[in-house]
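The figures that follow rest on heavy atoms only: side chains count, while hydrogens, waters and symmetry mates do not.
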Amino acid sequence: MRVAVCEYGAGNVRSVVLACERLGADASATSDPELVARADLAVLPGVGSARSAMQGLAARALDDALRERVAVGRPTLGICLGLQLALESSDEDGGVRGLALLPGRAVRLRQGRVPRIGWAPVDPGGEEYYFAHSFAADTPAATATSEGIVAAAESGSFVGVQFHPEKSGRAGARFLERCLSRA
């Protein structure tokens, strides 16, 4: 199982690679669009801001590689900022155009704790995962929520999560294992 973790200048790339390797995958960080296109699973991780992340993706042609990959039905996972970048747009940084892999936009959290950092249950199921974010997806493609906020969304071969499976212990490992088994 080859996993390409998109390296485009955002944080948490190394921790995602290590989490996949612990599950037996041949995972590597890459900024090569060809490797992203050919991998069994592509992962769009992210910690940072939407504008600089989209600029980093475009500078490396990873934006087009991800769009093409999803268009032909290849499994792709977005984590945290990766989910937000997959939307049509983000309100962050004064408004940023996204990858449009999912309908909707990323909006600033206005209630509760902001930034939203820590463990929280995800419904359905109630399993707890680690979150760290100030923006969240507003999308009709939502498949799970956490405290009323979109925690997961899916469209075609793209699955995005707001939580960090690589930092979520056993629950995160089980989630990543399911993603690997779909690829």
**OP:** Hey, could you give me the CZ/NZ distance between Phe131 and Lys167, rounded to the nearest 0.5 Å?
**Re:** 13.5 Å
**OP:** Measure from the side-chain N and O atoms of His133 to the backbone N and O of Phe135, and report whether any donor-acceptor pair falls under 3.5 Å.
**Re:** yes
Original post:
Should Val36 and Met1 be counted in the same cluster of Ile, Leu, Val, Met, Phe, Trp and Tyr side chains packed under 4.5 Å apart?
Top reply: no
Original post:
Cluster question for you: counting only ILVMFWY and a side-chain heavy-atom cut-off of under 4.5 Å, with indirect links fine, are Leu180 and Val43 together?
Top reply: yes
**OP:** Of all the heavy-atom pairs spanning Ala50 and Ser90, show the shortest one and how long it is.
**Re:** CB-OG, 3.9 Å
**OP:** Report yes or no: does Arg97 contribute a side-chain atom to a donor-acceptor pair with the main-chain N or O of Met54 at less than 3.5 Å?
**Re:** no
**OP:** State, to 0.1 Å, how close Pro45 and Val5 come at their nearest heavy-atom pair, and which atoms those are.
**Re:** CG-CG1, 3.7 Å
**OP:** For the pair Phe163 and Tyr129, name the ring-plane relationship: parallel under 30°, tilted 30 to 60°, perpendicular over 60°.
**Re:** parallel
Original post:
Does any pair with a residue in residues 36-48 pass side-chain hydrogen bond (donor to acceptor under 3.5 Å, both in side chains), and if so which ones, sequence neighbours excluded?
Top reply: none
**OP:** For residues 52-67, pull every pair meeting side-chain hydrogen bond (donor to acceptor under 3.5 Å, both in side chains), keeping only residues two or more places apart or in separate chains.
**Re:** Ser49-Ser52, Asp64-Arg67
**OP:** Might you point out which heavy atoms bring Ser134 and Pro115 nearest each other, and give the distance in Å?
**Re:** OG-CB, 3.2 Å
Original post:
What pair of heavy atoms forms the shortest contact from Leu44 to Cys6, and how long is it?
Top reply: CD1-CB, 4.3 Å
Original post:
Below 4.5 Å, heavy atoms only, C-beta onward: do Thr139 and Leu83 meet side chain to side chain?
Top reply: no
Original post:
side-chain hydrogen bond (donor to acceptor under 3.5 Å, both in side chains): which pairs involve residues 168-180, sequence neighbours left out?
Top reply: Glu127-Arg174
Original post:
Should Ile79 and Pro165 count as side-chain neighbours, where that means a heavy-atom distance under 4.5 Å?
Top reply: yes
Original post:
In Å and rounded to the nearest 0.5 Å, what is the CD to CG distance from Glu88 to Asp138?
Top reply: 10.5 Å
Original post:
So do Tyr8 and Leu85 actually touch side chain to side chain, heavy atoms under 4.5 Å?
Top reply: yes
**OP:** Following the transitive rule for hydrophobic clusters with a side-chain heavy-atom cut-off under 4.5 Å over Ile, Leu, Val, Met, Phe, Trp and Tyr, establish whether Leu62 and Leu77 coincide in one cluster.
**Re:** no
Subject >> Arg69 side-chain N/O to Ala37 backbone N/O, donor-acceptor pair under 3.5 Å >> reply: yes
Subject >> Shortest non-hydrogen separation from Ala144 to Val122 and the atoms involved >> reply: CB-CG1, 3.7 Å
Would you mind writing out the side-chain donor-acceptor pairs for residues 147-162 within the sub-3.5 Å range, not counting sequence neighbours?
{"from": "Glu147", "atom 1": "OE1", "to": "Arg113", "atom 2": "NH1", "distance (Å)": "3.4"}
{"from": "Glu147", "atom 1": "OE1", "to": "Arg116", "atom 2": "NE", "distance (Å)": "3.2"}
{"from": "Glu147", "atom 1": "OE1", "to": "Arg116", "atom 2": "NH2", "distance (Å)": "3.0"}
{"from": "Ser157", "atom 1": "OG", "to": "Arg74", "atom 2": "O", "distance (Å)": "2.9"}
{"from": "Gln162", "atom 1": "OE1", "to": "Gln84", "atom 2": "NE2", "distance (Å)": "3.2"}

Atom pairs and distances, donor-acceptor, side-chain atoms in residues 102-109, under 3.5 Å, two or more places apart:
{"from": "Arg105", "atom 1": "NE", "to": "Asp91", "atom 2": "OD1", "distance (Å)": "3.0"}
{"from": "Arg105", "atom 1": "NE", "to": "Asp91", "atom 2": "OD2", "distance (Å)": "3.2"}
{"from": "Arg105", "atom 1": "NH2", "to": "Asp91", "atom 2": "OD2", "distance (Å)": "2.9"}

Which atom pairs, one a donor and one an acceptor, fall under 3.5 Å between side chains of residues 15-35 and the rest of the protein, sequence neighbours left out?
{"from": "Ser15", "atom 1": "OG", "to": "Asn12", "atom 2": "O", "distance (Å)": "3.0"}
{"from": "Thr30", "atom 1": "OG1", "to": "Asp32", "atom 2": "N", "distance (Å)": "3.0"}
{"from": "Asp32", "atom 1": "OD1", "to": "Glu34", "atom 2": "N", "distance (Å)": "2.8"}

Original post:
Shortest non-hydrogen contact from Ala10 to Gly46?
Top reply: CB-CA, 4.0 Å
